[in-house]
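Report on one structure; see the data block that follows.
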2 protein chains.
Amino acid sequence: MSEQNSDIRTRVAETLEILRTHSLTTIVLQELERMILNGELKPGERINEKALAASQLVSRGPIREACRRLEQAGLVEIIVNRGVFVRKLKPKDAADLCDIRASMSALAGRILAAVITDNQMATLKDMVGRMERMAAVGDIGAYYPLNVEFHDTILRFAGNERLAAMCAAIDKELYLFRRRSLHVGIGLDRSAAEHRKMIAALEARDAERAAQVFAEHANTGKERLLGALPEADDGGA
Amino acid sequence: MSEQNSDIRTRVAETLEILRTHSLTTIVLQELERMILNGELKPGERINEKALAASQLVSRGPIREACRRLEQAGLVEIIVNRGVFVRKLKPKDAADLCDIRASMSALAGRILAAVITDNQMATLKDMVGRMERMAAVGDIGAYYPLNVEFHDTILRFAGNERLAAMCAAIDKELYLFRRRSLHVGIGLDRSAAEHRKMIAALEARDAERAAQVFAEHANTGKERLLGALPEADDGGA
DNA sequence: ACGCGAATGGCTGTCAACAATTGGCGAACG
DNA sequence: CGTTCGCCAATTGTTGACAGCCATTCGCGT
């Protein structure tokens, strides 16, 4: 029993620690983000403050604050006296965001080529190597998360925190859109090949070439994303 | 008296209309943004919710919601149980933001070179011409707003709304930083010359050259911004 | 006099209640 | 039968109040 007590006390202490550093608003924010990205809340759907407050066992205050942050982040849209709606991205919006994302990738490549260390280079090479082996056997399930980690690592190595934050925000927003098309992992080989080119440019410390290659890689993603979609999809608005 | 009555009624109607479309949160948000950008609230300063609520004649709810949006926008920083503080940009942050801003300028130039119409071209040319005349006589007061309008127009013509919104957000954040150095309008001539180069690249419909020239123009601003500052400024934190 | 702990004042985080607006439903009317 | 007006339930916008935390200050002991 003392063990269970200790367990409970530990968990209570942890919970209190979380509450001390992360207000309910923050917790609700992450939960809402998760629900939107998971598709539990679908684009265009309205978020019922009262119901959500009840389900999360909190008052409407934190819910509203979290929604205001989500609006600024671009994940939801708020119409006065009507409510907050999960953002519905039009293809044009997605294309615009892809262009921005590509520019940011290019910037990351340009910066990284100038500052990357040998250790970092080895880390990236190792990742690319692993991804190539996964691509060879078609292991999509393992390829995808490593691919995400690869790009995160690049941004971390580039050392521009705001750039990383913005890329994360854009990726979240694009994920809203990407979700529709069950992204069949077409082109694992091509993706892996592009990664190799990126590595090559970095290893040559060629900033301009890195920028170019990084942007091209991002644009491949754009084409794949937009190509698998109905060109005119106004969602019945 | 009937005139005054009409006046009052008009203003009441306008006020009601504003309240119907912009909640108090929105109004407070704009007011806070103005206060921060004006320097009425200085970087590092704490925003007192209670006092602000009293001065704005609203409750703390809308204030808090506005602050959460400002946090997501990067203008303030919130520490749990301590309050919300106007963001204090370190030179590194400013430099990072400048790099991002330059990449976005490049993207705007690349897009615009491909889609600009003759009418739009004429509009931009006219602006540049006016700015050159102002630069010639050193009329900083008139040059600055027109310069802002010039860049806004470019972003509008480029047609990527998210890009424009992000640039606006970054500019606001940089303004937080820029405010310290009383930006003496050094280099009006150089700025005007760069504008002419930008126009030339656009007129040639040369996307890559436009991207390059636009980025260089933004980087000029970066150097001017960072050059006029103490390299290590931790603000006594 | 100086350092340390407790009381205190103010402020933030959260909640529950009130007021105002929206959209739907039904009835009356053309 | 279709349309429009008015009522009503539901939901959002806003407010005021309460509880807990933080920083400061006061008092005590050394």
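Sequence lines set the chain letters: A, B, ... in the order given, protein chains first and strands last, and positions in each chain run from 1.
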Which residues share a side chain to side chain contact (heavy atoms under 4.5 Å, CB included) with B/R46, sequence neighbours left out: B/N48, B/F85
Test of understanding: with side chain to side chain contact (heavy atoms under 4.5 Å, CB included), list the residues that count as partners of B/A142, not counting sequence neighbours. B/M134, B/D139
Restricting to salt bridge (Lys or Arg N to Asp or Glu O under 4.0 Å), what partner residues turn up for B/K50, sequence neighbours left out? none
Non-neighbouring partners of B/K42 that pass salt bridge (Lys or Arg N to Asp or Glu O under 4.0 Å), sequence neighbours left out: none
Tell me the side chain to side chain donor-acceptor pair (under 3.5 Å) pairs involving residues 54-64 of chain A, sequence neighbours left out? A/E49-A/R60, A/E49-A/R64, A/R64-B/E65
For residues 59-72 of chain B, which residues have at least one heavy atom under 4.0 Å from DNA chain D? B/S59, B/R60, B/G61, B/P62
Nearest-Å distance for atom pair [atom1]/[atom2], residues [X] and [N]:
X     : N      : atom1 : atom2 : value
B/E49 : D/dC21 : CD    : P     : 17 Å
A/L24 : D/dA19 : CG    : C1'   : 13 Å
A/L29 : C/dG13 : CG    : P     : 15 Å
B/L52 : C/dT12 : CG    : P     : 10 Å

Reckon B/V58 touches a base, only the sugar-phosphate, or nothing at all at heavy-atom distances under 4.0 Å? sugar-phosphate
Indicate every side-chain donor-acceptor pair of residues 102-115 of chain A with a distance under 3.5 Å to a residue at least two apart or in another chain.
unit_1 : atom_1 : unit_2 : atom_2 : d
A/S105 : OG     : A/R101 : NH1    : 3.0
A/R110 : NE     : A/E208 : OE2    : 3.1
A/R110 : NH2    : A/E208 : OE1    : 3.4

Pairs where residues 23-34 of chain A contributes a residue and the test salt bridge (Lys or Arg N to Asp or Glu O under 4.0 Å) is met, not counting sequence neighbours: A/E31-A/R34, A/E33-A/K172, A/R34-A/E40
Scan for salt bridge (Lys or Arg N to Asp or Glu O under 4.0 Å) pairs involving residues 73-87 of chain A, sequence neighbours excluded, and state none if there are none. A/R87-A/E173
Output a table of nitrogen or oxygen pairs between the protein and nucleotides 6-10 of chain D separated by less than 3.5 Å.
none

Interface polar pairs with nucleotides 22-24 of chain D, N/O, under 3.5 angstrom:
unit_1 : atom_1 : unit_2 : atom_2 : d
D/dA23 : OP1    : B/R82  : NH1    : 3.3

Residues passing the side chain to side chain donor-acceptor pair (under 3.5 Å) test with A/N147, sequence neighbours excluded, are A/H151, A/H195
Charged N-O contact under 4.0 Å between B/R156 and B/D152: no
One thing to verify: whether B/D93 and A/R162 come together as a salt bridge, which I'm taking to mean a side-chain N less than 4.0 angstrom from a carboxylate O. no
